[in-house]
Amino acid sequence: MDEKTFGVLIAAYETHGPDVLFNPPKVTAEFRITLASWAIRNNASYTEIASKFGYTGTAQMRAWKEIYSKLGPNGLLSIQKGQKPKMPNKKPKSVKKLTEQENRLSQLEDEVLRLKIENEALKLLASIQQRTDNSQK
């Protein structure tokens with residue numbers, strides 16, 4: 001896990017506690033709009049966004065900010081889970097297939113990242129618990 005990702009994880013953990021790592025906030029259209037508009041308004045880093053909202057999906061944050069910048073809040077209303085939102089400019093079908101493959105790759109990378117974060121979180125929680133147990137002895 002890289003340092004930036006770990007920083008995002010720690011920011012969410014410090015502000016929202018350990019539960020946020022295993023039960024992240026429910027992503028709704030309103031959540032996406034609120035997160036993206038706040039992030040853009042405040043020129044916020046991923047760490048700041050994670051601290052404020054308890055959300056650690058940096059790839060989604062980046063995509064939501066881009067969509068919000070280009071299409072406004074309505075662009076984030078039509079996103080369904082697992083689907084990349086449709087942007088107004090059309091591309092040829094051969095490029096579209098590549099985009100779908102890239103989208104799937106991005107989803108898999110996000111899942112791997114989520115699992116790595118969960119693994120690191122478990123290690124961190126075990127370490128904290130061990131220190132607490134040792135200090136109580």
Side-chain angles (χ1 to χ4, degrees):
M1 175 180 304
D2 66 17
E3 191 174 318
K4 184 170 94 173
T5 303
F6 192 69
V8 168
L9 174 69
I10 293 299
Y13 176 85
E14 287 178 341
T15 307
H16 300 277
D19 191 51
V20 77
L21 302 175
F22 304 106
N23 299 307
K26 182 164 177 59
V27 176
T28 63
E30 292 77 21
F31 179 80
R32 289 188 294 265
I33 292 167
T34 302
L35 184 147
S37 65
W38 182 88
I40 291 168
R41 239 188 355 266
N42 293 286
N43 195 26
S45 68
Y46 295 133
T47 303
E48 292 167 325
I49 297 168
S51 181
K52 170 103 174 140
F53 294 94
Y55 188 74
T56 60
T58 56
Q60 290 87 1
M61 290 181 214
R62 181 177 57 247
W64 297 343
K65 285 170 53 178
E66 180 181 332
I67 293 164
Y68 189 92
S69 295
K70 290 180 180 178
L71 304 174
N74 288 336
L76 294 172
L77 288 175
S78 61
I79 299 174
Q80 294 180 10
K81 187 174 182 175
Q83 291 186 340
K84 187 173 182 178
K86 293 180 172 59
M87 298 300 275
N89 55 345
K90 301 250 178 179
K91 296 181 181 178
K93 286 189 177 189
S94 61
V95 175
K96 186 175 181 180
K97 280 189 176 181
L98 182 61
T99 302
E100 289 171 4
Q101 290 172 348
E102 289 174 344
N103 185 36
R104 180 66 180 141
L105 179 60
S106 176
Q107 289 174 343
L108 291 172
E109 288 172 343
D110 287 345
E111 177 69 10
V112 168
L113 178 60
R114 186 189 66 74
L115 291 171
K116 285 181 179 180
I117 289 171
E118 188 175 308
N119 188 34
E120 290 298 319
L122 287 169
K123 289 178 186 177
L124 180 63
L125 290 173
S127 173
I128 291 169
Q129 186 175 19
Q130 184 178 16
R131 287 184 204 151
T132 303
D133 291 346
N134 287 341
S135 68
Q136 292 176 353
K137 290 182 180 178

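The chain is numbered in sequence order, starting from 1.
- Remark: A63 pairs with no residue by the side chain to side chain contact (heavy atoms under 4.5 Å, CB included) rule, at least two apart or across chains.
- Here CG of L77 is found 11.0 Å from CD1 of I67. Values are rounded to the nearest 0.5 Å.
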Would you list the atom pairs, donor with acceptor, under 3.5 Å between side chains in residues 44-54 and any protein atom, with sequence neighbours excluded?
from: S45; atom 1: OG; to: T47; atom 2: N; distance (Å): 3.4
from: S45; atom 1: OG; to: E48; atom 2: N; distance (Å): 3.1
from: S45; atom 1: OG; to: E48; atom 2: OE1; distance (Å): 3.4
from: E48; atom 1: OE1; to: S45; atom 2: N; distance (Å): 2.7
from: S51; atom 1: OG; to: T15; atom 2: OG1; distance (Å): 2.8

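- Shown here are the side chain to side chain contact (heavy atoms under 4.5 Å, CB included) partners of D2, two or more places apart in sequence or in another chain: K4, T5.
- Considering every non-hydrogen atom in both A36 and W64, the closest pair reads CB-O, 3.8 Å.
- Under the 4.5 Å side-chain heavy-atom criterion for grouping Ile, Leu, Val, Met, Phe, Trp and Tyr, V112 is not connected to L108 through any hydrophobic cluster.
- Residues T28 and F31 have side chains in contact (heavy-atom distance under 4.5 Å, counting atoms from C-beta outward).
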Let me check something: any side-chain donor-acceptor pairs from residues 55-62 under 3.5 Å, sequence neighbours excluded? List them with distances.
from: Q60; atom 1: NE2; to: D110; atom 2: OD2; distance (Å): 3.0

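- For the atom pair CG of L105 and OG1 of T99, the computed distance is 12.5 Å after rounding to the nearest 0.5 Å.
- By the side chain to side chain contact (heavy atoms under 4.5 Å, CB included) test, D19 is found to be paired with N23, residues two or more places apart in sequence or in another chain being considered.
- Qualifying side chain to side chain contact (heavy atoms under 4.5 Å, CB included) partners for F6, counting only residues two or more places apart in sequence or in other chains: M1, L9, I10.
- Interatomic distance, L76 CG to E30 CD, rounded to the nearest 0.5 Å: 10.5 Å.
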